[in-house]
There are 2 protein chains.
Amino acid sequence: MDDDLQATVAAFRRLVTTLNRGKTHERLTEAAGVRLHRPDVEVLVTLLDAGEPRRIGSIAETLQVESPHVTRHVAALEQRGLVERVRDPDDGRAWRIALTEEGAEVAGRCRRVTGAWIEGALEGWSDADRAELSRLLGKLSDDVHDHLRTLKVVK
Amino acid sequence: MDDDLQATVAAFRRLVTTLNRGKTHERLTEAAGVRLHRPDVEVLVTLLDAGEPRRIGSIAETLQVESPHVTRHVAALEQRGLVERVRDPDDGRAWRIALTEEGAEVAGRCRRVTGAWIEGALEGWSDADRAELSRLLGKLSDDVHDHLRTLKVVK
DNA sequence: TATTGTTATACTCTATAACTATA
DNA sequence: TATAGTTATAGAGTATAACAATA
């Protein structure tokens with residue numbers, strides 16, 4: 001393993017560690033003036049990014065979790081009036097989960113706070129470096145996602 | 001928020017999501033021929049990266065968790081003979097946690113498997129892109145870490 | 001009195017299994 | 001019989017509080 005790779009892995013591990021701690025989430029949601037659990041926010045932002053109502057199963061796939069997990073958080077969000085569920089007109093077994101007006105507003109705030117925060121972290125970066133980061137992270141994200149399939153799980 | 005930034009955040013979210021799922025851990029540890037919980041592996045690799053025995057508190061700081069969490073996993077690793085604890089000669093309240101020979105071997109295997117896997121994901125990348133990724137991720141990791149302090153938690 | 005670490009406890013995140021209803 | 005989702009349950013990850021021992 002060469003040095004670049006070793007450095008890449010180490011940097012990555014540190015980033016993922018930082019971004020996954022409960023405290024980071026707590027700080028960001030507080031800045032957004034929101035009091036929601038992390039998976040709740042993930043569901044909201046997923047719906048906002050999608051730009052249209054999504055099925056439970058489709059949300060689960062995006063978040064790479066099992067569907068009962070999504071069911072639970074959608075129920076919580078529904079109770080708080082941030083999403084609403086409609087029977088899928090094409091398939092009576094399925095639901096479409098839609099952001100309410102308030103839900104869209106909250107989701108937007110969460111997304112903006114995260115963006116602003118990362119923007120802050122990138123203060124002082126040249127335009128060229130920002131563009132490169134965007135390009136390389138996009139590529140990495142795709143390649144990691146594809147490459148994941150090569151790791152088989154034996155039950 | 002400009003498009004590059006938006007794309008960066010989205011790519012990042014996807015990466016972190018993927019890399020944090022239990023299944024990814026399960027696959028990597030299986031490839032390493034190890035049966036350990038994620039935090040156990042994190043502790044082992046932290047010790048290996050450090051290259052010398054570390055205190056409980058110092059490990060917790062690196063992993064950005066509270067110390068009881070580290071206490072628990074060090075206890076498990078000790079029981080399996082992968083680490084050993086020695087009273088800190090300079091401070092009778094503290095311990096030094098050291099990898100045993102077997103622990104170092106296991107930690108090395110975990111680190112190698114992760115590296116090899118990421119290397120696989122980067123197959124087809126040019127040397128220039130790899131070097132850029134390494135440079136930008138290193139910079140990002142530092143800047144994110146620094147910038148974290150700007151988000152204050154109000155209790 | 002402050003600090004290092006442990007014990008006890010509880011909350012959050014996520015998965016699996018068993019189930020219901022529709023296709 | 002297969003698929004979308006739910007309910008129930010359990011396990012993994014982490015934090016907080018109360019404590020002991022040493023500085």
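Within every chain, numbering begins at 1; the chains are lettered A, B, ... in the order of the sequence lines, protein sequences first and strands thereafter.
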Basic-acidic side-chain contact under 4.0 Å: [X], [Y]:
X: A:Glu30; Y: A:Arg27; result: no
X: A:Arg109; Y: A:Glu105; result: yes
X: B:Arg135; Y: A:Asp4; result: no

- Note on the structure: residues 71-85 of chain B vs side chain to side chain donor-acceptor pair (under 3.5 Å), sequence neighbours excluded, gives B:Asp40-B:His73
Between the main-chain N or O of [Y] and the side-chain N or O of [X], is there a donor-acceptor pair closer than 3.5 Å?
X: A:Arg112; Y: A:Ala107; answer: no
X: B:Arg130; Y: B:Glu119; answer: no
X: A:Thr100; Y: A:Leu82; answer: yes

- Task: Could you check which residues of residues 36-51 of chain B get a heavy atom under 4.0 Å from DNA chain C? Sort them by number, please.
- Result: none
- Query: Taking only residues at least two apart or on different chains, which pairs with a member in residues 53-70 of chain A satisfy salt bridge (Lys or Arg N to Asp or Glu O under 4.0 Å)?
  - Reply: A:Arg55-A:Asp88, A:Arg55-A:Asp91, A:Glu66-B:Lys23
- Task: With the side chain counted from C-beta on, respond yes when A:Cys110 and A:Val34 share a heavy-atom pair under 4.5 Å apart, and no when they do not.
- Result: yes
Could you write out each protein N or O paired with an N or O of nucleotides 20-23 of chain D at a distance under 3.5 Å?
from, atom 1, to, atom 2, distance (Å)
D:dA23, OP1, B:Gly92, N, 2.9

Rounded to the Å, how far apart are [X] [atom1] and [N] [atom2]?
X: A:Ile97; N: D:dA4; atom1: CD1; atom2: P; result: 14 Å
X: A:Lys23; N: C:dC11; atom1: NZ; atom2: P; result: 18 Å
X: B:Glu26; N: D:dA12; atom1: CD; atom2: P; result: 11 Å
X: B:Arg96; N: C:dG5; atom1: CZ; atom2: P; result: 9 Å
X: A:Ile56; N: D:dT6; atom1: CD1; atom2: C1'; result: 9 Å
X: B:Arg21; N: C:dT16; atom1: CZ; atom2: C1'; result: 16 Å
X: A:Leu19; N: D:dG13; atom1: CG; atom2: C1'; result: 17 Å

- Item | First encountered from the 5' end of DNA chain D, between A:Arg55 and A:Gly22 | A:Arg55
- Query: side-chain hydrogen bond (donor to acceptor under 3.5 Å, both in side chains) with B:Asp49: which residues, sequence neighbours excluded?
  - Reply: A:Arg13, B:Arg111
- Looking for any heavy atom pair under 4.0 Å, which part of the strands does A:Arg85 touch: base, sugar-phosphate only, or nothing? sugar-phosphate
- Note on the structure: Per the under-4.0 Å heavy-atom filter, residues of residues 59-84 of chain A near DNA chain D come out as A:Ser67, A:Pro68, A:Thr71, A:Arg72
- Crowding at CG, A:Asp146 (>12 non-hydrogen neighbours, <6.0 Å): yes
